Structure formats: structure tokens, C-alpha cells
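In what follows, a single structure is set out as C-alpha cells and then discussed.
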Amino acid sequence: MLVRIFGDIDVAEEAVQDAFAVAVDRWPSTGPPPSPAGWIITTARNRAIDRLRREASRDDRHAQAALLHERGEPLEEGAVRDDQLRLIFTCCHPSLATGSQVALTLRLLGGLTTAEIARAFLVPEPTMAQRLVRAKAKIRDAGIPYRVPFEADLPDRLNAVLAVVYLIFNEGYAASSGERLVREDLCSEAIRLGRLLAVLMPDEPEVMGLLALMLLTESRRRTRTTAEGDLVLLADQDRARWDRDLIAEGQALVRACLRRNRPGPYQIQAAINAVHGDAPSADATDWRQILRLYDQLVALEPSPVAALNRSVAVAEVDGPAVALEIVDGLDLDRYYLFHAIRADLLSRLGRGPEAHKAYGRAIRATTNEPERTLLERKRTALRIP
């Protein structure tokens with residue numbers, strides 16, 4: 001609402017921050033008002049108007065526009081009832097490129113920093129910062145209206161919304177930095193949003209595919225780290241401790257997607273994880289089926305990261321030499337998993353010195369402590385002639 005009133009995301013962000021600061025100061029003694037959201041919006045609007053009036057160097061058109069709203073506006077709701085999901089749909093405005101929609105929404109609403117978003121997009125942080133600045137400028141200069149979309153508008157925004165939810169989950173499941181591998185709050189919020197999307201748009205198979213993917217991945221979360229917080233690889237996890245209820249729910253969603261015969265990237269990734277969920281042990285994994293699914297994924301939505309993940313299955317089916325040839329043809333130097341997978345393949349081929357160097361590059365490319373600890377342990381265990 002504030003972006004729509006002022007036409008400027010930066011002004012709206014600053015105003016909201018001011019309003020929350022006032023709330024933190026006052027509400028503990030006065031108690032929350034009857035309509036907390038309305039109070040925040042009114043306070044933020046008034047703070048922004050005061051600030052714009054004081055800044056003589058700023059074009060006063062923003063302040064003039066805001067003055068037209070002195071009497072306030074009712075909160076919009078539209079087809080999406082959940083506050084957070086409604087905001088995500090609103091921010092995924094089709095006038096912006098999809099990548100800009102996703103990045104800006106993650107920054108404003110997803111709980112991710114610019115650095116975390118940059119790592120998700122595999123670009124330098126300054127590059128992502130500039131993208132965010134340009135996206136905000138386009139909204140301001142083009143007068144893009146940030147209004148709650150009607151139900152008919154939702155399908156055009158769905159791909160970006162799914163990407164936002166998926167990247168929130170990814171950052172929660174494997175934090176890009178810090179001392180912990182998992183951020184449970186982000187995982188839970190992403191799954192909550194996924195369940196709401198499934199209710200809102202039950203006929204969209206990619207919605208079901210994303211929810212299945214998150215549930216199947218989440219089913220393994222408690223086995224991914226030791227009691228001390230060290231990372232445990234998939235092959236070494238205690239599968240008896242996987243959450244069988246989440247696996248059953250995720251696999252049922254995958255089967256429902258298959259019956260619709262409208263495959264998409266999230267559905268295929270969910271199917272890959274369903275195969276892992278079927279295997280009672282790492283040795284029993286049906287890697288040939290996984291490779292066929294990766295072939296379908298790469299054909300449907302080719303990307304270097306998908307090709308890298310496919311190489312893991314290739315190594316199990318055709319051997320590490322074939323997989324290494326694929327990996328060496330990828331341009332993913334900024335991605336720590338690229339170097340980690342390459343190091344593992346080199347190690348399996350007996351090329352210790354090269355593996356040592358690749359592990360070093362992987363260690364330098366990650367800012368997550370459990371990942372770094374595991375990579376250092378693997379590098380130390382190398383047998384170098």
C-alpha cells in the first residue's frame with residue numbers, strides 16, 4: 001500500500017522501519033492497537049509525509065501524492081487471504097523481468113539479505129545490489145502500480161511466486177552463510193506458503209510439485225546434521241530417522257502430478273527426491289531412474305546447476321570419468337558445489353593433487369561453517385602420493 005501511495009520502494013521501506021521502531025517503543029507499555037496493520041500503515045504514511053516535506057531537494061510529487069491519501073485507505077485483500085502470500089503475489093509484478101521480481105520480493109519479504117540472494121543467483125553481491133536498485137528505479141520511474149492482484153492475475157505471477165518460495169526454502173535448508181546448516185524458520189515458512197498455494201491453486205501441477213519437493217526434502221532434515229551440527233551427506237544419513245509421514249505425503253503428490261501429465265521442473269525434482277525416499281539404503285538407490293529424470297529436467301529447463309546435479313547421477317551409472325567430463329564443461333566457478341563435486345570425482349579417479357586443489361576452491365567459495373568443515377575433513381582424508 002505504501003509503495004502504491006508514494007511510488008517509491010525506498011521511501012516505503014524507510015517509513016515502515018520508522019513505524020516499527022515507534023511500535024517497539026510504545027506497544028510494550030500501551031499494548032497493541034485494535035488494528036496493528038492499520039496503525040503501522042498510518043504511522044508509516046505520516047512519517048514519510050513528514051520526511052518528504054523536510055527534504056527540499058526531493059521532487060515533491062511523492063509528498064503531494066501521499067497528501068491525497070490523508071484520510072487513509074482500507075486494507076486490500078483480494079483473492080489471496082494470507083498476508084505474506086498476498087504480499088508476495090503483489091510484489092511479483094509482471095512489468096519487471098522474472099529475475100528482478102524474484103530478487104526484489106526475496107529482499108523485501110523473503111527474509112534474505114542481498115548477499116544471500118546474490119549467492120542464490122550465483123552472481124557477485126554488488127551485481128545483485130545493482131539489480132535491486134534498477135528494479136526499484138523502474139517501479140518508481142515507470143509508475144508501476146503495486147496493487148493486490150485479482151484472481152485472474154494470479155497465473156501470470158505464479159512462476160515468480162513459486163521461485164520465491166523455492167529459494168526461501170533453499171536458503172532455510174542449506175543456509176548460504178553462518179554457523180548453522182539449517183534455518184528452520186525459513187523452511188517452515190516456505191512449506192506453509194506452499195500449502196497455502198496448493199489450496200489456492202489446486203489445479204496447477206507445478207504448485208503441487210513444489211510442495212512435494214519441499215516435503216520430501218524436509219523429511220531428511222533431522223538426519224542432515226550430527227548432534228554437534230556437522231553436515232551429514234545423503235549417503236551417510238540414518239534413513240530410519242527420515243520422516244515417513246512427510247515422505248508419504250510428498251510421494252502421493254508426485255503420483256497425482258504424474259496422472260496430470262503436465263511435467264514441470266518442480267515436479268521432476270520432486271520425483272527425483274521421491275526415488276531417494278523409496279531407497280531403504282544408499283546402495284539400493286535407483287540411480288538409473290534418477291538419471292532418466294535428470295535427463296527430462298535438463299531437456300525441459302536446461303541450466304548449468306541442473307547439469308551439475310545430473311552429473312552426480314551420471315557418476316553412479318556411467319562412472320566418475322564420464323561425469324567429470326560433463327562437470328569440466330560447466331561455467332559455475334562461483335558455486336561451491338561445483339568445486340566440491342569436481343573434487344569428489346577427481347578423488348574417486350585417484351587424482352589426489354587435483355582433488356586437493358578443487359577442495360580448496362570449494363572451501364573458499366562457501367561461507368557456511370558446517371559445509372566448510374566437511375570439505376576440510378574430506379581434503380585432509382585425501383591420499384596424495
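The shown structure was predicted, so the numbers you read here are calculated from the model rather than taken from an experiment.
- One finds the CG atom of Leu181 at 10.5 Å from the CZ atom of Arg221 (value rounded to the nearest 0.5 Å).
- Side-chain rings of Trp287 and His276 approach one another, their centers coming within less than 6.0 Å.
- A salt bridge does not link Arg342 with Glu325: none of the charged nitrogens is closer than 4.0 Å to a carboxylate oxygen.
- No continuous path of ILVMFWY side-chain contacts below 4.5 Å connects Val165 to Val182, so the two sit in separate hydrophobic clusters.
- Residues satisfying the salt bridge (Lys or Arg N to Asp or Glu O under 4.0 Å) test with Asp10, not counting sequence neighbours, are Lys136.
- Smallest separation of non-hydrogen atoms from Ile88 and Leu109: N-CD1, 3.6 Å.
- If you take CD on Gln269 and CG on Leu213, they are separated by 5.5 Å, rounding to the nearest 0.5 Å.
- A 6.0 Å sphere centred on CZ of Arg288 holds no more than 12 heavy atoms belonging to other residues, nucleotides or ligands.
- From Arg119, atom CZ reaches atom CG of Leu167 across 13.5 Å, with rounding to the nearest 0.5 Å.
- Applying the salt bridge (charged side-chain N to carboxylate O under 4.0 Å, His left out) definition to pairs two or more places apart or across chains, those involving residues 351-362 are Asp333-Arg361, Arg351-Glu354.
- Closest approach of Trp27 and Pro36 over heavy atoms only: CH2-CB, 3.8 Å.
- Under the 4.5 Å side-chain heavy-atom criterion for grouping Ile, Leu, Val, Met, Phe, Trp and Tyr, Leu231 is not connected to Leu382 through any hydrophobic cluster.
- Tyr173 and Leu186 end up in the same hydrophobic cluster when Ile, Leu, Val, Met, Phe, Trp and Tyr side chains are linked at under 4.5 Å.
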